[in-house]
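Structure first, commentary second.
Every chain is numbered from 1 and lettered A, B, ... according to where its sequence line falls, protein lines coming before strand lines. Source: prediction; values computed, not measured.
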Amino acid sequence: MTDTKTWARIKSPWVLHFNSGACNGCDIEIVALLTPKYDVERFGVKLEPSPRHADVLLVTGCVTQQCAERMKRIYDQMPQPKFVVAIGACACSGGVFEGNYNVLGGVDKVIPVTAYIPGCPPRPEAILDGVVKLLNALNPPKQKKPSKQTEVPKQEIKTIIEEAKPIVKQ
Amino acid sequence: MSNNKIDILNVVESKLGSKVQIQPGHLSTGSIIANNGLHREVLKAMIEADEKTGIIAITGLDLGEKLGVYYHFRTSNALVTIKAEVPKANPTIQTIVDIHPGAAFHELEVTDLLGVIFEGNRPEGHFVLSEYWPQGVYPLRKDVKANEIKLSPPQETNKPAEDPRQVKIIIGPQHPALLEPEKFSVTVDGETVTKVEPRIGYVHRGIEKATESRTYLQDVYLVERICGICNSIHAAAFVEAVEKIIKVDIPPRAKYLRVIALELNRLHSHLLTLGHAGLEIGYETLFQYFWRDREPIMDLIELTSGNRVYSSLMAVGGVRRDIKNEDIPKIKSVLKTLRGQLPFYRQIYTSEPTLRLRMKDVGVLERKDALELSVVGPVARGSGVDIDVRKDEPYEAYAEIPFKEIVYKDGDTWARMNVRMDEVEESINIIEYVVDHLPSGPIKLNLPRSVPAGEAVNRVEAPRGELFYYVKANGTDKPDRVKVRTPTFANLPSFLKTAIGESIADVPANFVSLDPCFSCTDR
């Protein structure tokens, strides 16, 4: 049963995004992840509006005084086991806003953080990489078996991408 | 237009000449020192003479013994600052909300951050700061240190009993429709919205105060991080204001390179909003289409500046990075592809029946209200008010570049989105013109790090409207005061007005048509 749960969690992590005082830079990159160029939904990552359904909390931005209490409440509402990913320099440490009168600092001042993704803002690839690393850490691969069915030859990938390019005409 | 010839300082001088002190040429068009409640008389005279008189910002300053309250106003052809001072011991001044309703939020912000009390516009609780913030401590005063503030839990207050028929719907701070944390309490009677109460300040990071403890060089990066979407524009507005204090003219090539960065910002911001509007009305395909076509623009920003989001291109005295000649064909080809997609998007926005049903006649803002509330940018231009800083007070190289000012008269959500739709094409035109006419020469002047004492105001046209900066220098390498008034802060009152009387289902579409950005609003 535990194996099944872990399998489901890793194959389809539902993420909740909370902005605790960010400048929109990281937030927009998270949204960019969901759109056609990066499209994380094909890996099963789904943006979830409710904390009660989410596995992973993506936090962007330094924690402002007003957001701290709210973020704590959202974290408490999430079911166990839960993971927090701090995205961007501000969420990791407070960034350029560290020491301002309304800023408490990084996310780890308020809730425990599982993974840190630095950058101002981190590229969408970096965010994706961070989430994948987090998931791999939950279930380290026992033995790598290259599956013939899922492996697509490189040549084929190229043609798929080329075909996907022009969609709209006039 | 005929009223472009009004000399607003002459008008004020002829009416109140002996009572106020006028300094022509100081802070853009001129500043008027009006103490003892005369600021109201000056404003009345200005509104009488020019219907386009609108408030840009109210800057609160700590001047030692006194507190300065600077009202910045725009008219159809000028930027006028009315300076008033109040003693620190009894900081009260009469409100101007009864004369000009658009000033309400500006006054509340000054009250919260500097402790100036506007008689007739008292806030209930905090406006920007946290509920835990101690009473009587005002962060923008010079004697307040960030690390000495002790927070205390808020006191319980007796709330008035509410009408049981009226249901309160809380949107935010964490809500799937809002990318950012902000709270709106929408009161509904049945399905009709009767009241909207905003609570802003969730993203307030105290950037204005932070600029005072950093050097000008550091501040360029700090103000850039006010907003991740229109970052180049914030940096450009700040460095231009500093250049105005130093009184230096940057090289022509730097001006053109800045225009490229500013317009790329506008392009990606407008595409983002046009897509986001699709998401809010349940048209997710449109959202995905727009965001797909936005990615090449992000690649162009990376190509020209080295970074996808924060370009960090602006520097006092010019720009940091030049464009290579071999990159120009790449820029042109990306823009050409985007231009090829535009007829499809325009067709969706003008004639798609589902989109028209959700947007036409939703959130109508009349021209009269738009002027009274001093809204800016696409919101004003969608209501038939032709204000665009690029045309009214050209900065950088905009005076030399041909482009059209887009104005729609309908005033509804549909008109506001179509202003953006048309501006995407204008931005493409501008960038194409600029890369074809790039002058040669240096891209940056070497300037000393200290800035001579002085003050300057500057405004630029951000994607969301007029962005205003006030910078005061004291002769050192750190500024004395930086005031930022973002377009989203100016546009917020229009939502509170247009949402009332409409269906709750129209709130998201109406709201997104303002292009909300709370990191800008709160700073």
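Interface residue V31(A): backbone and side-chain heavy atoms are both found under 4.5 Å from chain B. At a 4.5 Å heavy-atom cutoff, the contact between R214(B) and chain A is made by side-chain atoms alone. When heavy atoms are compared at a cutoff of 4.5 Å, L279(B) does not approach chain A at all. Heavy atoms of E48(A) lying under 4.5 Å from chain B are absent altogether. No part of E224(B) comes within reach of chain A, as not one of its non-hydrogen atoms sits under 4.5 angstrom from that chain. When heavy atoms are compared at a cutoff of 4.5 Å, N307(B) approaches chain A solely by way of its side chain, counted from C-beta outward. At a 4.5 Å heavy-atom cutoff, C90(A) makes no contact with chain B through either its backbone or its side chain. With a 4.5 Å cut-off on non-hydrogen atoms, F287(B) touches chain A through its side chain but not through its backbone. Only the side chain of L272(B) comes within contact range of chain A, judged by heavy atoms closer than 4.5 Å. Heavy atoms closer than 4.5 Å to chain B are found in both the backbone and the side chain of I28(A). In this structure, chain B has a heavy atom under 4.5 Å from the side chain of V103(A), while its backbone stays farther away. Residue I30(A): no heavy atom, backbone or side chain, is found under 4.5 Å from chain B.
In K183(B), the NZ atom is not crowded: 12 or fewer heavy atoms of neighbouring residues, nucleotides or ligands sit closer than 6.0 Å. No more than 12 heavy-atom neighbours from other residues, nucleotides or ligands sit within 6.0 angstrom of CZ on R73(A). For E352(B), the CD atom sits in a packed shell: over 12 heavy atoms of surrounding residues, nucleotides or ligands are nearer than 6.0 Å. Within a 6.0 Å radius of NZ in K142(B), more than 12 heavy atoms belonging to other residues, nucleotides or ligands are found.
Heavy-atom pairs under 4.5 Å with chain B peak, among S20(A), G25(A), C67(A), S50(A), at C67(A). Taking V63(A), L34(A), D27(A), N102(A) one by one and counting their heavy-atom pairs under 4.5 Å with chain B, the maximum is reached by N102(A).
Looking only at distances, no side-chain donor or acceptor of N24(A) sits under 3.5 Å from a matching main-chain atom of C227(B). Not a single donor-acceptor pair under 3.5 Å links the side chain of T35(A) to the backbone N or O of Q288(B).
Considering all non-hydrogen atoms of both residues, S519(B) and A22(A) come closest at CB-O, 3.4 Å. Nearest heavy-atom pair, Y310(B) versus P121(A), reported as atom, atom and distance to 0.1 Å: CD1-CD, 3.5 Å. A pairwise comparison of heavy atoms in F97(A) and I207(B) identifies CE2-CD1, 3.5 Å as the closest pair. The shortest non-hydrogen separation linking N100(A) to R205(B) is ND2-O, 2.7 Å.
Salt bridge status for D39(A) with R292(B): absent, with no side-chain N to carboxylate O gap under 4.0 Å.
Here the CH2-NZ distance, from W291(B) to K37(A), works out to 13.0 Å after rounding to the nearest 0.5 Å. To the nearest 0.5 angstrom, C23(A) atom SG is 10.0 Å from H234(B) atom NE2.
Residues Q66(A) and R199(B) are in side-chain contact: their nearest non-hydrogen atoms beyond the backbone lie under 4.5 Å apart. Looking at heavy atoms from C-beta onward, E29(A) lies in side-chain contact with R308(B) at the 4.5 angstrom threshold. With contacts defined as side-chain heavy-atom distances shorter than 4.5 Å, the pair E302(B)/R123(A) qualifies.
The aromatic ring centroids of W133(B) and Y101(A) lie less than 6.0 Å from each other.
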